[in-house]
*Asks:* 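Before I ask anything, let me first share the structure, which is written out below as structure tokens.
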Amino acid sequence: MSEATGKKAVLKLDGQEIELPIYSGTLGPDVIDVKDVLAAGHFTFDPGFMATAACESKITFIDGNKGILLHRGYPIDQLATKADYLETCYLLLNGELPTPEQKDEFDTKVRNHTMVHDQVSRFFNGFRRDAHPMAVMCGVVGALSAFYHNGLDVEDVNHREITAIRLIAKIPTLAAWTYKYTIGQPFIYPRNDLNYAENFLHMMFATPADRDYKVNPVLAKAMDRIFTLHADHEQNASTSTVRLAGSTGANPYACIAAGIAALWGPAHGGANEAVLTMLDEIGSVENVPEFMEKVKRKEVKLMGFGHRVYKNFDPRAKVMKQTCDEVLAALGINDPQLALAMELERIALSDQYFIERNLYPNVDFYSGIILKAIGIPTEMFTVIFALARTVGWISHWLEMHSSAYKIGRPRQLYTGPSARDINR
Ligand code: CMC
């Protein structure tokens, strides 16, 4: 439980003074406990949760002004360069980085759960071939709840742990099959001799006709880093959705499907796809000034820029930009879209309009360019984000279920009609 500071905020309400306790976390602003305003007949009002801490958590810390992102205390740039994705998963789930033995054991567990029940594969056939991959993911991940429900007790710690492993292990299989389905190729089964990122790329790009298909290690490393950089991000919209759905005691696979739905929007995970669509629409560097005028007239948004929390820089974007440079250099790609992206970045960082509004490139500005270089089609970008974020969602779900929690039930400021009668 958080530390009570002994400090109190005093709220004057209708001549009455209400003392509200203040708590301190390890880092970040103190929080005012507003529960007592209810007894005084009031609700608090904070649409968009701009100033509301909805829960207590030990997983991730963000300081948006300083551009700091820590998972269990470790800075994201160190995790991205000194640890791999599965180590980061272990850290998010368990609170510490694994020892070499714990790492081996965890990797083996994940590898042993990469297959999905064969009947899951039949769900894909119900979708149109041109369905958006995120629509398919919402459906097939939600469908896992039908395979793990009757015997699953969310109050049992062992059941919760195996659920987390299953989700981390199976989500790449479902993501790759979603892609295969849309392009009409047969599903490629997981290969447990490959590491997490290699296995995913193999399921994405191998075909039964090409038995010697080898995953490029540069691309596997870049993929692993993209996964790491997207692994968790505190109480964002999709994580809050998973917590809210989970607070009812709902099936965790269904909760993750709810998270996938929330992630899909262009203001959240859909932004990486929207960046490439925007670059396509702009076309070439000469069209950038005209596009920027449209942004300033608020006719369009500069996708991949701005963040609800980061108002200085996005620490993930720094590592992502470096990875982007490395991947393009290693592959010898001279992508004209990169030149276009760099021009947008240059103008935005020097133009008063963007400076005044603290608009900086976020993680998705660069991730799209790397994903494109890896060969991932644009429509799959948000699926990759969902794959990587699954560990964050399930870590928060586990944390919530590991201590006392209440069903999430916000109230409202009602502005509809007063009570009235039907007169007929
Ligand atoms: N392009 C142009 N103007 C913008 C943008 C943008 N991308 N983002 C914010 N603004 C302007 C906005 O119009 C407003 O201007 P004014 O003060 O004149 O009314 C000002 O900046 C403040 O914006 P806001 O809407 O109050 O900011 P917010 O914190 O509610 O929104 C955001 C954050 C991420 C939804 C928004 O910046 C956005 O839509 N960005 C583009 C989408 C994007 O890249 N999202 C990915 C976020 S990173 C991945 C993830 O974690 O999900």
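Each residue takes its place number in the sequence, starting with 1. As the structure is a computational prediction, the values presented were derived from the model and not from experiment. As the structure lists them, so they are numbered: ligands from 1, and atoms in each ligand from 1. Below, each value reflects all heavy atoms present in this structure, side chains not excepted, and no hydrogens, waters or symmetry copies.
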*Asks:* What protein heavy atom is closest to atom 43 (C) of ligand 1, reported as residue, atom name and distance in Å?
*Replies:* Ala271 CB, 3.4 Å
*Asks:* What is the distance from atom CD1 of Ile369 to atom CG of Asp364, rounded to the nearest 0.5 Å?
*Replies:* 11.0 Å
*Asks:* With backbone taken as N, CA, C and O and side chain as the heavy atoms from C-beta onward, which portion of Val295 lies under 4.0 Å from ligand 1: side chain, backbone, both, or neither?
*Replies:* side chain
*Asks:* Measuring from non-hydrogen atoms of Gly48 to any atom of ligand 1, is the shortest distance under 4.0 Å?
*Replies:* no
*Asks:* Show which atoms of ligand 1 fall inside a sub-4.0 Å distance from at least one heavy-atom site of Leu302.
*Replies:* 1 (N), 2 (C), 6 (C), 7 (N)
*Asks:* Please work out, at 4.0 Å between heavy atoms, whether the side chain, the backbone, both, or neither of Lys311 comes within that distance of ligand 1.
*Replies:* side chain
*Asks:* Under 6.0 Å between the ring centres of Phe385 and Trp264?
*Replies:* no
*Asks:* With a 4.0 Å cut-off, strictly under, does atom 32 (C) of ligand 1 pick up any protein heavy atom?
*Replies:* no
*Asks:* Does this structure show an ion pair linking Asp30 with Lys7, if we count only N-O contacts that are shorter than 4.0 Å?
*Replies:* yes
*Asks:* Test of understanding: given a 4.0 Å heavy-atom threshold, classify the contact between Arg308 and ligand 1 as side chain, backbone, both, or neither.
*Replies:* both
*Asks:* Are Glu326 and Arg225 ion-paired here, with the side-chain N under 4.0 Å from a carboxylate O?
*Replies:* yes
*Asks:* Please report whether the ring centroid of His159 lies less than 6.0 Å from that of His401.
*Replies:* no
*Asks:* Mind checking whether Leu359 contacts ligand 1 via backbone (N, CA, C, O), side chain (CB onward), both or neither, at a 4.0 Å heavy-atom cut-off?
*Replies:* side chain
*Asks:* Below 4.0 Å from any atom of ligand 1, is there a heavy atom belonging to Lys296?
*Replies:* no
*Asks:* Protein heavy atoms near atom 7 (N) of ligand 1, is at least one of them under 4.0 angstrom away?
*Replies:* yes
*Asks:* Is it the case that the ring center of Tyr253 lies less than 6.0 angstrom away from the ring center of Tyr148?
*Replies:* yes
*Asks:* For Phe187 and Phe124, I'd like to know if the aromatic rings sit close, meaning centre-to-centre distance below 6.0 Å.
*Replies:* yes
*Asks:* Hey, which atoms in ligand 1 end up nearer than 4.0 Å to a heavy atom of Lys298?
*Replies:* 13 (O), 15 (O), 16 (P), 18 (O), 19 (O)
*Asks:* Can you confirm whether some protein heavy atom lies under 4.0 Å from atom 25 (O) of ligand 1, or whether none does?
*Replies:* no
*Asks:* Please confirm whether Asn236 comes under 4.0 Å of ligand 1, counting heavy atoms of the residue only.
*Replies:* no
*Asks:* Heavy-atom contacts with Gly304 under 4.0 Å: which atoms of ligand 1 show up? List them by number with element.
*Replies:* 43 (C), 44 (O)
*Asks:* For atom 52 (O) of ligand 1, what's the nearest protein heavy-atom neighbour? Residue, atom name and distance, please.
*Replies:* His268 ND1, 2.6 Å
*Asks:* Of the side chain and backbone of Asp364, name the one, both, or neither that has a heavy atom under 4.0 Å from an atom of ligand 1.
*Replies:* side chain
*Asks:* Where does Pro266 meet ligand 1, judged by heavy-atom distances below 4.0 Å: at the side chain, the backbone, both, or neither?
*Replies:* backbone
*Asks:* I'd like to check which ligand 1 atoms, numbered from 1 as shown, lie under 4.0 Å from a non-hydrogen atom of Ala267.
*Replies:* 45 (N), 46 (C)
*Asks:* Give me the nearest non-hydrogen protein atom to atom 36 (C) of ligand 1 as residue plus atom name, then the distance to 0.1 Å.
*Replies:* Lys301 NZ, 3.9 Å
*Asks:* Hey, could you give me the CD1/CD1 distance between Ile226 and Ile374, rounded to the nearest 0.5 Å?
*Replies:* 4.5 Å
*Asks:* Show me which atoms of ligand 1 lie under 4.0 Å from any heavy atom of Met303.
*Replies:* 41 (C), 42 (C)
*Asks:* Of the side chain and backbone of Arg316, name the one, both, or neither that has a heavy atom under 4.0 Å from an atom of ligand 1.
*Replies:* side chain
*Asks:* Please check atom 18 (O) of ligand 1 for a protein heavy-atom neighbour under 4.0 Å.
*Replies:* yes
